[in-house]
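The structure appears below as structure tokens.
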Amino acid sequence: MNRFVSSKQHNQTMKRNFTAKSLFLLLAITVASLTAQAQIEWGIMGGPSMSNLSASGYKLVPDSSRPSLSGITRFRVSLFMDMPLNNYWSFSPELAYSVKGGVQKLDSAYTIFTVPPGWTDKFQTVSNFDFGYIEIPLLFRFSTPLGRPTALYPYENSVKPFYLDFFGGPYFSYLMSGKNDASATWTRSSTNDTTSAYNFAIKTKTSGSPAKIGKIDYGIVAGMGIKWRFNRKSYLYLDVRYTIGMANLNKGYWDRTVQSDTDPTQTKTESPKVKNAGTFSFALGYITNFSKRR
């Protein structure tokens, strides 16, 4: 009886394994068949990007304690696919590594009118923020050959050498690395004392990872591209896009403690919204299709 039960259990296990393998094989064949029928294109591209940060929400913080933000130039690289939905439209998800950020300046100054009279101290800090993101844009493309509006898909019927794309959609990204290369300059000057004790500039540099920065970013992508079909299977691609971030990156880093406007004996913390204000990028890429062409 035990043998019979053991044999029966063994047969059931074999059947389950066979069923699982069959389902996996069927799924693989189905995906491969759909990929071949849809003639999905695959590509890689990369190039420079110009990004900036924006800060809003300060009310009581004086101007001297508010950051002045400007842009930086970094890079973006991505892998992507392009799956036709009909004769003109396609769905094009991407997997990208994008470096964004900005340059932040903070200035402050105060003057002492005691002995020695008329000397001024100025302090300026400059921070270069580099935020490296894994980014996933989910884009929809409209493609048409240049010259006259005819369908790009199916690819076998497309004989024009140049095609124009318009695309847009949301993106989601996760912060993989953050870096802050900062410099601080202390400058002292005097109107009536020319000695080095009251006329100097001292600069120090630091580098590190800024804490209290949000990991999640999301926003909107819009752009256009031009494809040059140089053989029956492949394209060279020029991509130009603009990305607007919508997530608040400030988790405490840009907070400032100031005197309360209602009670001078109390303080309050102002927490601004800091975003990836806008990133303009362009890239060169290569696109191909691994399916067999007629």
In short, Gly47 meets Ala283 closest at the heavy-atom pair N-CB, 3.9 Å
Nearest heavy atoms of Asn248 and Lys273, plus distance in Å: OD1-CA, 3.4 Å
Mind telling me whether Phe280 and Phe282 have parallel, tilted or perpendicular rings, with 30° and 60° as the class edges? tilted
Within the structure provided, determine whether Asp255 and Lys212 are in side-chain contact (heavy-atom separation under 4.5 Å). no
Could you check whether any side-chain heavy atom of Val103 comes within less than 4.5 Å of a side-chain heavy atom of Val126, counting everything from C-beta outward? yes
When you group the ILVMFWY residues by side-chain heavy-atom contacts below 4.5 Å and let the links chain together, are Tyr163 and Phe80 in the same group? yes
Hydrophobic clusters here meaning ILVMFWY residues chained together by side-chain heavy-atom distances under 4.5 Å, can you tell me if Tyr171 and Ile244 are in one? no
Ser234 and Thr288: side-chain hydrogen bond (donor to acceptor under 3.5 Å, both in side chains), yes or no, with the steps? CA-CA 4 Å; Ser234 304; Thr288 191; 3.3 Å; yes
Is it true that Phe142 and Phe166 have ring centroids separated by less than 6.0 Å? no
Do you reckon Phe131 sits in the same ILVMFWY cluster as Ile134, going by side-chain contacts under 4.5 Å, direct or chained? no
When you compare the side chain of Leu284 with that of Leu236, does any pair of heavy atoms fall below 4.5 Å? no
For Ser271 against Asn250, the heavy-atom pair lying closest together: OG-ND2, 3.3 Å
Please examine the side chains of Asp165 and Tyr237, heavy atoms only from C-beta on, and report whether any two atoms are closer than 4.5 Å. yes
Side chains of Ile213 and Trp254: does their closest heavy-atom pair fall under 4.5 Å? yes
Assign the ring pair Phe200 / Trp186 to parallel, tilted or perpendicular, where the plane angle (0 to 90°) is split at 30° and 60°. perpendicular
Which heavy atom of Ser92 sits nearest to which heavy atom of Arg141, and what is that distance? OG-NE, 3.1 Å
Report yes if some heavy atom in the side chain of Phe91 is under 4.5 Å from a heavy atom in the side chain of Phe140; otherwise report no. yes
In terms of hydrophobic clusters joined by side-chain contacts under 4.5 Å, are Ile136 and Ile40 together? yes
I'd like to know if Lys227 and Asp82 make a salt bridge, using a cut-off of under 4.0 Å between side-chain N and carboxylate O. yes
Please determine if Arg241 and Asp239 form a salt bridge, counting it only when a charged side-chain N lies under 4.0 Å from a carboxylate O. yes
Applying the 4.5 Å side-chain criterion to the ILVMFWY set and letting contacts propagate, would Val240 and Trp228 be lumped into a single cluster? no
Please step through side-chain hydrogen bond (donor to acceptor under 3.5 Å, both in side chains) for the pair Tyr88 and Thr144, ending with a clear verdict. CA-CA 7 Å; Tyr88 293 96; Thr144 183; 5.9 Å; no
Can you name the closest pair of heavy atoms from Pro210 and Tyr253 and give their distance? CB-CE1, 3.8 Å
Exercise: identify the closest heavy-atom pair between Ile216 and Tyr174: CD1-CD1, 3.5 Å
What I'd like to find out is whether the side chain of Thr279 reaches to under 4.5 Å of the side chain of Arg76, using heavy atoms alone. no
Could you walk me through whether Glu41 and Asn289 satisfy the side-chain hydrogen bond (donor to acceptor under 3.5 Å, both in side chains) test, starting with their C-alpha distance in whole Å, then the side-chain angles of each, then the deciding distance to 0.1 Å, before giving a yes or no? CA-CA 5 Å; Glu41 289 188 323; Asn289 188 307; 5.0 Å; no
Under 4.5 Å between any side-chain heavy atoms of Gln104 and Leu53, yes or no? no
